[in-house]
Amino acid sequence: MSLDKAYAPKPVEERWISAWKTAGLFSPKPQPGAGPKFVVVIPPPNVTGALHLGHALNNTLQDVLVRWRRMSGDQTCWVPGTDHGGIATQNVMEKQLKAENLSRHDLGRDKFLERMRDWTRECKKTILGQLEKLGCALDFSREAFTMDEARGRSVRAAFKVLWDKGLIYRGLRMVNWCVRCGTALSDIEVEYEERKGRLWHIHYPLADNSEGVMVATTRPETLLGDTAVAVNPKDARYAHLIGKKLRLPLLGREIPVVADEVVDMEFGTGAVKVTPAHDPADFEIGERHSLPSITVISLDGHIAAEGGLYAGLSREQARQKIVEDLKASALLRKEEDYRHSVGVCYRCASPIEPLVSPQWFVSMKDLARPALEALDGGSFAIRPENWAKPYRDWLSGIKDWCVSRQIWWGHRIPVWYCLDCNDLSSRPFHQAGDLKGVVSDEKPAACPYCRSQEGNFMQDPDVLDTWFSSSLWPMSVFGWPEKTRDFEAYYPTSVLVTGYEIIYLWVARMQMMGLEFTGRPPFSTAVIHGIVRDKSGRKMSKSLGNVVDPLVLMDKFGTDALRFSLMRDARLGKDIHFSEETVAGSRNFVNKIWNTARFALMNLPETPGRAYSLDESDPQAPLELADRWILSRYEALSEEVAARMGAFEVAEAAESIYGFLWDEFCDWYVELAKIRLSGADEKAKDACRSILVHVLSGTLKMLHPFMPFITEELYAQLKPYAGERADFLLAAGFSKAAPRWRDAAAEERMSAVMEITGSIRALRAQLNVPPGLKIRAVAIGGNPETRALAQERTDYIQVLARLGEVEFSPVQESRQPQSATALARGMTFLIPLAGVIDFAKERARLEKELAKADSDVKKIAAKAENPDFLKHARAEEVETARAQYRAALERKSRLEETLSSVLN
RNA sequence: GGGCCGUUAGCUCAGCGGUGGAGCGUCCGCCUUACACGCGGAAGGCCGCAGGUUCGAAUCCUGCACGGCCCACCA
């Protein structure tokens with residue numbers, strides 16, 4: 001068997017992807033009653049384009065959990081899919097059309113949707129291909145799409161149930177309107193940005209042209225729709241004006257001064273212009289004072305007919321013109337720069353226009369209550385826990401959900417109007433508030449209101465918010481509302497892995513819907529991760545030009561490397577500052593693993609004669625210190641990693657495995673194994689081989705969820721030596737825990753060896769002893785155990801520190817002229833180096849060590865000699881401190897001795 | 001205005017009550033037959049600031065400053 005010197009990911013990845021697929025590895029059949037289940041549904045990526053690093057993070061995290069649980073013995077099921085993505089996807093298509101100088105209206109609804117479906121088909125292919133390439137153990141036979149036929153049935157069923165319960169209603173309400181997208185948005189789809197604007201102070205004279213009040217506004221164009229000016233009832237400045245009429249500038253309309261608590265006396269002039277049709281706060285003032293509401297900005301963002309001579313202007317043009325006209329009429333009294341937060345569309349970032357229009361709503365209060373109870377009762381948990389509070393707060397203050405969108409791409413609202421009894425022609429659809437509708441999947445045969453059988457039915461033109469179908473996802477992917485076997489077997493799911501930015505948009509709504517329709521939370525834990533940002537912490541965006549394509553990274557460093565670096569940084573809930581260097585680091589680690597296996601295989605017989613198993617009661621060869629140490633460390637690692645994974649602390653688990661494999665296994669164990677492997681003692685060799693096979697294959701298993709490809713590749717080579725037959729690591733599962741291998745004594749002894757080695761290595765490096773030179777050493781001092789250990793394991797120290805002969809001198813003050821000195825664990829290693837080293841350097845080095853020892857002594861003395869410490873600290877704490885103090889003193893005095901005598 | 005998170009080595013981040021850690025970068029030395037995507041060594045920290053609790057605080061508490069998110073009807 002021979003492996004290349006450097007790992008080449010591409011062919012390995014391709015080979016295993018196809019092997020997994022051929023074996024149907026990710027589509028295990030549900031086995032009734034066979035052990036715990038672990039079910040995950042993918043957060044379906046929008047079909048807006050290719051996947052980005054955030055998707056890579058999200059899906060790798062899920063894959064790690066799924067693979068881990070599968071190897072732990074759970075029945076797992078991970079469902080893939082994509083989301084039609086409503087406005088976002090429609091915008092992508094509209095951009096494409098724009099490049100062809102077309103609008104969606106040029107195509108018409110049917111043609112447009114056809115193009116959307118074509119695009120979606122391609123996009124799904126891309127996304128699923130990328131997920132496969134990422135190595136995701138998704139059951140591709142279950143692929144779902146939020147707008148396919150089955151999901152359509154779920155959506156319509158949910159709508160019907162909510163309708164029948166009176167939880168869905170249509171009403172004329174003030175909503176967030178995106179002028180650019182031409183649709184209403186829900187409250188949480190509005191983002192607030194600090195933007196620089198201006199604050200205009202406008203004088204509103206009294207109707208008789210005497211005095212008047214000054215108001216401040218950031219949106220002067222809304223003046224056209226003003227129907228009052230409001231002041232605080234307690235405001236002495238304006239008390240005499242309450243009830244009087246003002247003359248609205250430019251239009252001349254008379255409007256009243258009203259008193260309302262909501263007005264802040266401190267802010268601006270203390271008087272507010274009230275535009276009920278175009279501001280949510282003003283809308284409420286209008287309700288309280290029965291003010292008329294005049295719509296002056298229409299759905300397309302232009303000034304409506306009521307805007308007089310401004311009608312037809314865009315809102316931007318109107319603002320400019322109105323400011324000019326106010327200036328001309330000397331009513332504009334002040335104009336200042338003003339930074340304030342502006343609501344913008346989460347999909348296109350253009351400013352939101354609050355306006356009144358007929359929309360569909362879901363009444364949320366009753367749905368939120370069970371979700372809150374699930375959280376408080378523990379049937380649903382959020383990790384990390386600090387997200388529970390914002391989640392709870394949001395649910396507690398929940399408002400009704402505007403679910404209608406005036407776009408074409410989405411689930412059409414399943415409501416029909418009879419043209420024979422609904423007068424749609426005289427009431428343009430979007431202006432009507434009280435149409436009689438029939439909720440139905442298909443066009444009804446007869447009108448229940450007028451009994452007409454003419455079939456003059458028209459479906460509501462609106463579509464549902466894309467998040468409506470998303471909220472049903474954990475149910476709909478298994479066929480709900482039908483009682484399918486899959487639904488029985490896999491609902492509710494186990495964990496949901498997603499980013500914190502969609503906790504309200506998605507997580508909360510899934511909880512509410514799941515509880516409403518099934519009485520059970522759709523998943524018992526939400527695992528929340530952060531956002532992938534660039535190196536300097538900025539969000540990745542096309543406009544900043546800092547987006548990184550995961551495919552490019554996978555191509556350059558390998559998929560395992562990309563996955564591992566994402567996982568190493570994926571601390572729950574924390575953002576990742578991503579840099580390519582960390583992927584290079586992971587690539588190096590992957591290569592390290594490759595070479596470790598190469599080393600092991602080089603030292604195993606060409607054809608596996610027998611299995612090197614430690615499970616046999618009678619080991620084939622005697623184990624020695626290094627073996628017992630690495631086994632102990634390996635067991636400790638297994639336990640720690642299992643605990644971490646159970647708590648979803650994936651990053652911590654990854655870090656631990658990294659440290660174990662590189663620092664302990666490679667840098668220490670493998671180096672020591674070389675002693676026996678290069679010798680002639682077959683029994684000793686077999687002992688080493690057993691350990692190498694056992695620890696390496698076990699570590700590969702632990703790593704498999706993180707880096708599925710290289711581990712599969714190497715395990716395939718190693719498994720005959722481990723006596724295992726499974727074709728894939730997922731099928732092989734983890735080895736049983738073996739706590740009997742924990743060995744504190746071996747760990748302690750090995751750490752002494754490491755310390756001694758370290759001090760001699762440091763001496764060599766600092767004194768520039770030629771690395772190839774095998775130097776002689778004289779060992780003196782030390783307590784009996786350490787001394788015995790050093791004598792027993794001289795071979796370790798010789799190999800690790802590249803020593804020649806080591807002489808154990810019984811004489812405490814053994815004189816070795818012209819020696820350098822290494823101190824460790826109470827032992828002194830004198831290294832005669834006349835002619836090799838510069839003794840001035842050695843003196844300087846020792847003086848520095850002495851200074852360090854001295855400061856150590858002082859630090860520990862501050863504790864160990866402190867009567868308060870001795871009085872209050874726990875006994876074992878005191879004991880430890882005393883021991884440390886003794887050791888520090890001992891070291892210091894030895895250094896002093898050395899400096900005064902040996903060096904002379 | 002409220003809430004959450006962060007502030008530790010040049011950079012990215014662990015540590016969360018007992019003599020300050022990792023990776024990358026830097027410096028010195030090594031092609032030591034698994035790996036130069038490597039090995040050994042080293043330099044580099046008033047652990048944001050100020051109080052408090054404690055025998056003892058990077059770690060717990062309280063304020064403050066700075067940075068970042070989220071929420072809220074500031075015209």
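Here the structure is a predicted model, which is why all the values come from computation and not from measurement.
With respect to A/Arg195 and A/Glu193, a salt bridge is recorded, a charged nitrogen being found less than 4.0 Å from a carboxylate O. Between A/Lys535 and A/Glu581 there is a salt bridge, since a side-chain N of the basic residue sits under 4.0 Å from a carboxylate O of the acidic one.
Remark: the A/Glu194 side chain and the A/Ser341 side chain contain no N/O donor-acceptor pair separated by less than 3.5 Å. Between the side chains of A/Glu865 and A/Tyr885, at least one donor N or O lies within less than 3.5 Å of an accepting N or O. Side chains of A/Ser586 and A/Arg563: no donor on one and acceptor on the other come within 3.5 Å. In the model, A/Glu191 has no side-chain atom that pairs as donor or acceptor with a side-chain atom of A/Tyr346 under 3.5 Å.
A/Tyr504 comes within contact range of the sugar-phosphate backbone alone, with a heavy-atom separation under 4.0 Å but no base atom that close. Residue A/Val274 is out of contact with every strand shown, counting any heavy-atom pair closer than 4.0 Å. Among the atoms of the strands shown, base atoms are found under 4.0 Å from some heavy atom of A/Val262.
Near RNA chain B, defined here as any heavy-atom distance below 4.0 Å, the residues from residues 382-396 of chain A are A/Asn386, A/Lys389, listed numerically.
The footprint of chain A on RNA chain B, defined by a heavy-atom cutoff below 4.0 Å, extends from B/G3 to B/A75.
The side-chain tip of A/Arg533 does not point at the ring of A/Phe578 from less than 6.0 angstrom away and within 45° of straight on.
Partners of A/Glu335 by salt bridge (charged side-chain N to carboxylate O under 4.0 Å, His left out), not counting sequence neighbours, listed by chain and number: A/Arg198, A/Lys327.
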